[in-house]
Structures are given as structure tokens and as C-alpha cells.
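Structure record follows, encoded as C-alpha cells.
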Amino acid sequence: QKEVEQDPGPLSVPEGAIVSLNCTYSNSAFQYFMWYRQYSRKGPELLMYTYSSGNKEDGRFTAQVDKSSKYISLFIRDSQPSDSATYLCAMRNSGGYQKVTFGTGTKLQVIP
Amino acid sequence: SAVISQKPSRDICQRGTSLTIQCQVDSQVTMMFWYRQQPGQSLTLIATANQGSEATYESGFVIDKFPISRPNLTFSTLTVSNMSPEDSSIYLCSVGLRSKGNEQFFGPGTRLTVL
């Protein structure tokens, strides 16, 4: 079993829809949770990061962490064609630098 | 965040040859990392390269195959040696920024195809 599980998709939604992207994990020591966005032929771009449980909002994006269920989510409101990309979840332990474990990524396509 | 560049952006190489990938950052950083990204797989950490010390390799990666240099706080190279088609992948460097909670920021990647 992988430490981090992420549905690879692809996920196709119409423009304006609310998108929900999710990851589950098995390592209860993970404390920091990140979402990266990766456009085709580009490097991953850090979108959001959160510490421990709870929600964090940034514009149209909301990151949610439920440590009791070992489940994290990224919600995109009013999705746009420019949101079409692969979204990778990532997580690590706390304390200075710790190795980051990535999900395999979910490919999202927002159809105009 | 930092501006990270990589050279080359892509290359096609013959089996048995070596390729050196460069990673340049526009600010001084302590931690630099090299990853491999293969289709359908998660990013795999190859090694951590801190200035002034030997690179630390992850399980399954060895220095003879992936030698790394880190001559200063803004630059690093990764060499893929004695290449085989299985080395075809995207290679990414990243940096950890203390000002951003030690989170990692990635370069654009080098797309390598080995024939």
C-alpha cells in the first residue's frame, strides 16, 4: 500500500463547476499538507500548504485536512479552463526539513 | 518564491552516454533536491544536495549512477550516467525556502529520452 493514494483521473468538469480533489494517506506522523499544480510540460507549482487539521482558503481554492480520517481535499470554486492541470497532493512530517511524499496526481480538465 | 531554471529543458540521448542537468536559483538556498517524475508515478526523490556536504541519496539511487555537485548556494548539477531507456523521465530540481515554511519550489524540469 502506498503512503499516499490519489485518484489519477482524468476528471472532466464544465466551466464554473466546483471541483473536489482528494488524497488519503496512511502515515499518521504527517503534519504538513501541500497541493501542487502542474501544467503540461512545466514543473509543479506550490498552490497551498496547511499545517495539521482544518481549512485554509485562498481565493477560489480551499484546502481541507481531516487528520482523524487521514484524508485531505482541495476544492476549486467557479472552475476555469485555466485550472486544467494535474494536481498533486504532498505531505511531510514536522520539524525543519522533512522528506516530502507525493501523490501520483489527478489530471483535471475544465471544459469551456 | 525563488526563480529556478534548468538546462537543458529536454534532450534525446543514446544508450550508454551521460547527461548533466543544471539547476540555477536566483537566490541563495541551503537545501536543493533532485526528483524524477515518470508517467503515472509520483515524484520520486533521488537525492538531497546541501552546499558544503555530500549529497544524500534515497534508497534505490546511487552516486555512481546519479552523481551530484553543489558548488555554491545557487547552483547544482545532476548527471545521469551510462543511460538506458529506463532512465527516460522528467528530472526536476527543487529548493526548500525557509521564508516559505521550508516548503519546496520546483524548476521547470528536464525531459530526457534515452534511445
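All chains are named by letter (A, B, ...) in the order of the sequence lines, taking the proteins before the strands, and each is independently numbered beginning at 1. Computed from a predicted structure; not experimentally measured.
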Is [X] close to chain B through its backbone or its side chain, or both, or neither, when contacts mean heavy atoms under 4.5 Å?
X     : result
A/P44 : both
A/Q38 : side chain
A/Y51 : neither

Minimum heavy-atom separation for B/W34 to B/L45, with atom names?
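Heavy atoms only, the tightest pair is O-CD1, 3.5 Å.
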Looking only at heavy atoms, which two atoms of A/A90 and A/V100 are closest? And how far apart?
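Result for this residue pair: CB-CG1, 3.7 Å.
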Cationic N near anionic O, under 4.0 Å, A/K70 to A/E5:
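So A/K70 does not pair with A/E5 through a salt bridge.
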Which answer fits B/Q6, side chain, backbone, both or neither, if we ask what part of it has an atom under 4.5 Å from a heavy atom of chain A?
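For B/Q6, no heavy atom lies under 4.5 Å from chain A.
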Contact origin within B/L92 toward chain A - heavy atom pairs under 4.5 Å:
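The side chain, not the backbone.
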Determine the option with the most heavy-atom pairs under 4.5 angstrom with chain A, choosing from B/S42, B/S9, B/G96.
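That would be B/S42.
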How far does CD of A/Q6 sit from SG of A/C89, to the nearest 0.5 angstrom?
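Answer rounded to 0.5 Å: 4.0 Å.
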Going through the checks in order, is the side-chain contact (heavy atoms from CB on, under 4.5 Å) test met by B/L19 and B/D87?
CA-CA 11 Å; B/L19 176 72; B/D87 294 319; over 6 Å; no
Among A/L46, A/T86, A/T104, A/L88, which has the most heavy-atom pairs under 4.5 Å with chain B?
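The option with the most such pairs is A/T104.
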Think A/K56 forms a cation-pi with A/Y49, using NZ or CZ under 6.0 Å from the six-ring centre and within 45 degrees of its axis?
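Because its charged atom sits under 6.0 Å from the ring centre and within 45° of the axis, A/K56 does stack over A/Y49.
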